[in-house]
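Working notes for the structure below.
Side chains are part of it too, since the values below use all heavy atoms of this structure and drop only hydrogens, waters and symmetry mates. Just so you know, residue 1 is the first one in the sequence shown, and it goes up from there. Whatever order the structure lists them in is the order used to number ligands and atoms, beginning at 1.
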Amino acid sequence: MNELSLLCGRANQPLAEEVARILGLEPCTAAVETFADKEIRVHVQQTVRGKSVFIVQPTSPPVNDHLMELLLLVDALRRASAGMICAVVPYFGYARQDRKKRGRVPISARLVANLMETAGVDRVLTVELHAGQIQGFFNVPMDHLRTDRLFAEHLVTRHPDWMDALTVVSPDLGGVWRARRLAKELRTPMAIVEKHREDSDREAPESMQVIGDVRDRDVLIVDDILSTGSTLCRAAEALADAGARRLLAACTHGVFAGAALDILQASPLHKVLVTDTIHHEQGLAHPKVEMISVAPLLADAIRRIHCCKSVSDLLVRS
Ligand code: R5P
């Protein structure tokens, strides 16, 4: 078996270091320089010849910089004769551009997959993709870890008081399958917030309709990404109007773009659970935000991949 090596990109060093600590590894280091013209240069500082190298690098904001850094690191490893290269991309940027919603637009998620393969990845490990079909954009194996069990265990052990009258809610129709999975895990009812525009004009105001009974229930809104916070907070307001009691949320990827933290502060949301797939200092320290680490899950998956053991046990049931 090849020697296991973990390389930390710059995108989420605390997560990469925690994964390395759990695996009992000294991370392999790469010097990354940014020049005045914003080009970057990478230099892997230890030999990787014949090793199985796992690069931890979410393609989180600044997405293009982190993606390019990942591609350059993969190229450097391939040219340095690494035995196997696995891109560990806990947050997969561009995932929301996964199909042509109208004419003359790219399928950016597919292009990103092509770029990673061209650079030389042998496999990819990721967490809670916006759409599972993105796995099919790769010709190399992709292991897709889910966070529903992580959230469920956290809720049951840390917040048993939230469980008495809880309803899991999807903030849009596209995420119903995700909410259903967590509702099943927690054995709670579920509801849906449906957004729609009366007018097909993209500028027309959206109305929010709550499908299901949330009156006097605590609600847990489940989503993959918290970016500007608009989806979450508008869903929370609609649920409050429909009579929900305590408003909670669980979003895997805390992007916290733009004014998201202010929007969150002003919202009726009581608490938002996120994971550390993205390193966002202010977001993770926000009083309404509670962080759950994916490091043990990633370390377990890396160990299994390296030992050619099943990763299925870490994946969703059914
Ligand atoms: C959309 O389909 C996603 O699942 C999220 O609901 C969305 O990306 C969240 O973005 P924002 O926080 O900007 O509303």
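In this structure, M291 places its CE atom where more than 12 heavy-atom neighbours from other residues, nucleotides or ligands lie under 6.0 Å away.
Here salt bridge (Lys or Arg N to Asp or Glu O under 4.0 Å) pairs that include residues 132-143, with residues two or more places apart or in two chains, are R123-D143.
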Can I get a per-line list of side-chain donor-acceptor pairs under 3.5 Å for residues 37-45, giving both atom names and the distance, sequence neighbours left out?
| unit_1 | atom_1 | unit_2 | atom_2 | d |
| --- | --- | --- | --- | --- |
| D37 | OD1 | E39 | N | 3.0 |
| R41 | NE | E33 | OE2 | 3.3 |
| R41 | NH2 | E33 | OE2 | 2.9 |

Validation: residues 263-274 side-chain donor-acceptor distances under 3.5 Å, sequence neighbours left out:
| unit_1 | atom_1 | unit_2 | atom_2 | d |
| --- | --- | --- | --- | --- |
| Q265 | OE1 | H286 | NE2 | 3.2 |
| S267 | OG | L264 | O | 2.7 |
| S267 | OG | L269 | N | 3.2 |
| K271 | NZ | P287 | O | 3.0 |

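Counting all heavy atoms, side chain and backbone alike, V210 lies closest to A242 at CG2-CB, 4.0 Å.
H279 and E281 share a donor-acceptor pair across their side chains, judged by distance under 3.5 Å alone.
Protein residues with a heavy atom under 4.0 Å from ligand 1 are R96, H130, D172, D223, D224, I225, L226, S227, T228, G229, S230, T231.
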